[in-house]
Peer 1: 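Please read through the structure below; I'll follow up with questions.
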Amino acid sequence: MLGLMQSQQLLISTLIDFADRHHGEAEVVSRRVEGDIHRSNYKQVAARSRQVANGLDRWNLGFGDRVATLAWNGYRHLELYFGISGSGRVVHTLNPRLHPDQIAWIVNHAEDQVLCFDLSFLPIVQAVHSRCRTVKRYIALCDENRLPADSGIPGLISYEAWIGAESSRYEWPDFEENCASSLCYTSGTTGNPKGVLYSHRSTVLHAMAGAFPDSLNLSARDSILPVVPMFHVNAWGIPYGAAMTGAKLVFPGPAMDGKSIYELLESEKVNFAAGVPTVWQMLLSHMQNANLRFSTLKRTVIGGSACPPAMMVAFNDVYGVEVLHAWGMTEMSPLGTVCSLKNKHLMQNAEDQRTVRLTQGRSIYGVDMKIVDDNGQELPWDGLAFGDLLVKGPWVCSEYFREEGSARLVDGWFNTGDVATIDADGYMHITDRSKDVIKSGGEWISSIDVENIAMAHPAVAMAACIGIKHPKWDERPIIAVMKKQGADVTREALLAFYDGKSAKWQIPDDVVFVDAIPLGGTGKMQKSKLREMLQDYRLPNT
Ligand code: AMP
């Protein structure tokens, strides 16, 4: 017997329709590539996304065809999110930080038909367009009068002229909610990038779970600044969650430096922001140097890589901002766990609460997880046993795009490639990426733990720990350190800093000072590059 409730497909178009009808005046503010601040709202975004849909229909683009974007966080990108997916096509967000060869490879693999790009990425498009075999149309996200005259890109048109010729009346099509809606390639460090193909259903459910109070806690009272880019895992689903709740959106455009982000946080009265630790590090340095305070920011979600304890202390204790530590991955849309406290923790003192908050958090409804040993046996949730972290749920990928049977599935569970512990309350703690964990004398050393201690030193801007081959111990950790501008610390002083903070055998054998730690396309440390940089390095006394 079936239930007698209305059957409505969970489509992305319902999100922008809802925002249009119920939160039409809620603002969408963007810092543009042009440098100015642009003000819009959900009513206008909805109308213009319908113009996008009409424009794609006029070109007879097929259902499920891919439309690529190469764009910062901004209102036009948001309109494309809704216009492309809502009309039944797939929005394919390209990561501009990848090498042009990789971008060309990805465009061809995805068979993108249209490529929309911010003018800052014109040089990338000029470098790749002759190799993009399937792209028939190029759209520059700008006004007509800013369209470069001699770009060399065939048939280049401006976004404003394109949608300006279209009606804002449009009936969103109704179709099966499991149809593909968006595509994002993982910036894998080995092999070719892999496409993760989200569906309407997975996106809407993920947005709903992401908005829960124990998750990102989104509401119509929020002013949200996602620093996390829309070109990487849909800015953690925030554009969808914001439309679903009617939250104000503030987009930073290309300006990710501490000063620009701080100005936007203040001028738009942002109370919630989301980003990876490297971005927050730039913001905090700016604030320390200029002796600034936040007047409205109340909470921030930090994920993408482990939040260093020193950063959590700075946000919480110095600036009064609550840090939500979150974990996930491209293959998970991305939210898997968020670290919000339970009722029992409210009785604890601040120090004990912080110990909990520094874990990657607990599952949000929809994601189940477990840790297993090398034989696939499930390990206990005791906060001590660590093993491969496996997940499942309606917004976890089942296989990669055009790579049949490719996903790392074990009995229906996706192997995340992370190594973790889970405690009795369900709080998960990432020990390491399985390929980064260091094996010394038969014992594992967490590179994240080693990095976190270095990051707490006042002279250290960024630190990355890697294992170096050792004749006796198999591997020993060393720490590569980028110093803060104007600050100094010696090798000996930094090694002494570990005393009492970690077991003796987990203290790195050496410190290597570097001008910069290599960062990947999504702002994460690229340890493979660092290993290449240090390939001639020899441990002292070996
Ligand atoms: P990506 O798919 O590029 O977003 O990368 C996902 C990977 O980033 C995960 O598998 C983790 O290794 C890492 N990651 C994400 N969030 C965290 C976190 N809060 N702490 C530690 N590692 C994280």
Side-chain angles (χ1 to χ4, degrees), residues 28 30-40 44-45 47-61 65-85 87 89-98 100 102-104 106-108 110-166 168 182-183 229-232 235 239 251-256:
V28 175
S30 315
R31 190 193 293 279
R32 301 202 291 183
V33 171
E34 292 89 324
D36 60 344
I37 299 286
H38 176 273
R39 309 195 84 83
S40 178
Q44 291 168 28
V45 167
R48 286 161 56 91
S49 62
R50 293 192 296 265
Q51 290 175 292
V52 168
N54 275 322
L56 298 173
D57 279 6
R58 186 178 302 282
W59 288 341
N60 289 321
L61 222 66
D65 275 354
R66 270 75 65 204
V67 177
T69 63
L70 200 51
W72 300 110
N73 291 5
Y75 65 106
R76 290 181 179 128
H77 207 174
L78 188 68
E79 293 156 9
L80 288 166
Y81 262 40
F82 291 114
I84 297 169
S85 303
S87 66
R89 285 90 186 191
V90 174
V91 59
H92 174 199
T93 50
L94 289 164
N95 184 340
R97 298 205 179 108
L98 298 180
Q102 263 182 321
I103 292 179
I106 291 173
V107 167
N108 286 327
E111 297 188 344
D112 294 329
Q113 304 290 309
V114 180
L115 174 50
C116 312
F117 61 95
D118 272 334
L119 280 183
S120 14
F121 304 127
L122 179 63
I124 301 180
V125 181
Q126 286 170 323
V128 300
H129 75 86
S130 62
R131 285 178 277 163
C132 295
R133 295 188 295 271
T134 54
V135 179
K136 300 185 190 75
R137 316 255 183 186
Y138 290 91
I139 300 173
L141 297 172
C142 62
D143 288 323
E144 182 67 2
N145 61 6
R146 287 190 182 256
L147 198 63
D150 44 5
S151 67
I153 296 164
L156 181 65
I157 56 170
S158 80
Y159 179 77
E160 294 301 333
W162 176 51
I163 67 165
E166 299 295 341
S168 61
S182 45
L183 177 62
M230 290 170 76
F231 58 72
H232 181 59
F251 288 126
M256 308 284 206

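Throughout, residue positions are numbered sequentially from 1 according to the sequence presented.
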Peer 1: Is any side-chain heavy atom of Val67 closer than 4.5 Å to one of Val91?
Peer 2: no
Peer 1: Between Ser85 and Phe82, is there a donor-acceptor pair closer than 3.5 Å when you use the side chain of the first and the backbone of the second?
Peer 2: no
Peer 1: I'd like to check the ring-ring contact (aromatic ring centres under 6.0 Å, His included) partners of Tyr138; sequence neighbours left out, ordered by chain and number.
Peer 2: none
Peer 1: For Glu144, give me all partners under side-chain contact (heavy atoms from CB on, under 4.5 Å), at least two apart in sequence or on another chain.
Peer 2: Leu147, Ser158, Ala161
Peer 1: Can you sort out the partners of Tyr81 under ring-ring contact (aromatic ring centres under 6.0 Å, His included), two or more places apart, ordered by chain and number?
Peer 2: His77, Tyr240
Peer 1: Would you please name every residue forming a side chain to side chain donor-acceptor pair (under 3.5 Å) with Arg146, sequence neighbours left out?
Peer 2: none
Peer 1: Show the atom names and distances, to 0.1 Å, of all donor-acceptor pairs under 3.5 Å that link a side chain in residues 115-130 to residues at least two apart or in another chain.
Peer 2:
unit_1 : atom_1 : unit_2 : atom_2 : d
Asp118 : OD2    : Trp72  : N      : 2.8
Ser120 : OG     : Trp72  : NE1    : 2.9
Gln126 : NE2    : Ser151 : O      : 2.8
His129 : NE2    : Gly152 : O      : 3.4

Peer 1: Would a 4.5 Å heavy-atom cut-off, applied to side chains only, mark Arg31 and Pro252 as touching?
Peer 2: no
Peer 1: Show every ring-ring contact (aromatic ring centres under 6.0 Å, His included) that has at least one partner inside residues 145-166, sequence neighbours left out.
Peer 2: Trp59-Trp162
Peer 1: Suppose we screen for side chain to side chain donor-acceptor pair (under 3.5 Å). Which residues come up paired with Arg32, at least two apart in sequence or across chains?
Peer 2: Asp36, Tyr75
Peer 1: Among pairs that include at least one residue of residues 48-61, which meet salt bridge (charged side-chain N to carboxylate O under 4.0 Å, His left out), considering only residues two or more places apart or in two chains?
Peer 2: Asp20-Arg50, Arg48-Glu79, Arg48-Glu160, Asp57-Arg89, Arg58-Glu166
Peer 1: Which heavy atom in Thr93 sits nearest to a heavy atom in Met230, and how many Å separate them?
Peer 2: CG2-O, 3.4 Å
Peer 1: Among all residues two or more places apart in sequence or in another chain, which pass the side-chain contact (heavy atoms from CB on, under 4.5 Å) test with Gln113?
Peer 2: Leu61, Asp65, Thr134, Lys136
Peer 1: Sort and list the pairs that fulfil salt bridge (charged side-chain N to carboxylate O under 4.0 Å, His left out) and have at least one residue in residues 147-157, not counting sequence neighbours.
Peer 2: none
Peer 1: If you define the side chain from C-beta out and look only at heavy atoms, does anything of Ile153 sit under 4.5 Å from Pro148?
Peer 2: no
Peer 1: Could you list the residues that satisfy side chain to side chain donor-acceptor pair (under 3.5 Å) with Asp112, not counting sequence neighbours?
Peer 2: His92
Peer 1: For the atom pair CG (Leu78) and CG (Asn73), what is the distance rounded to the nearest 0.5 Å?
Peer 2: 9.5 Å
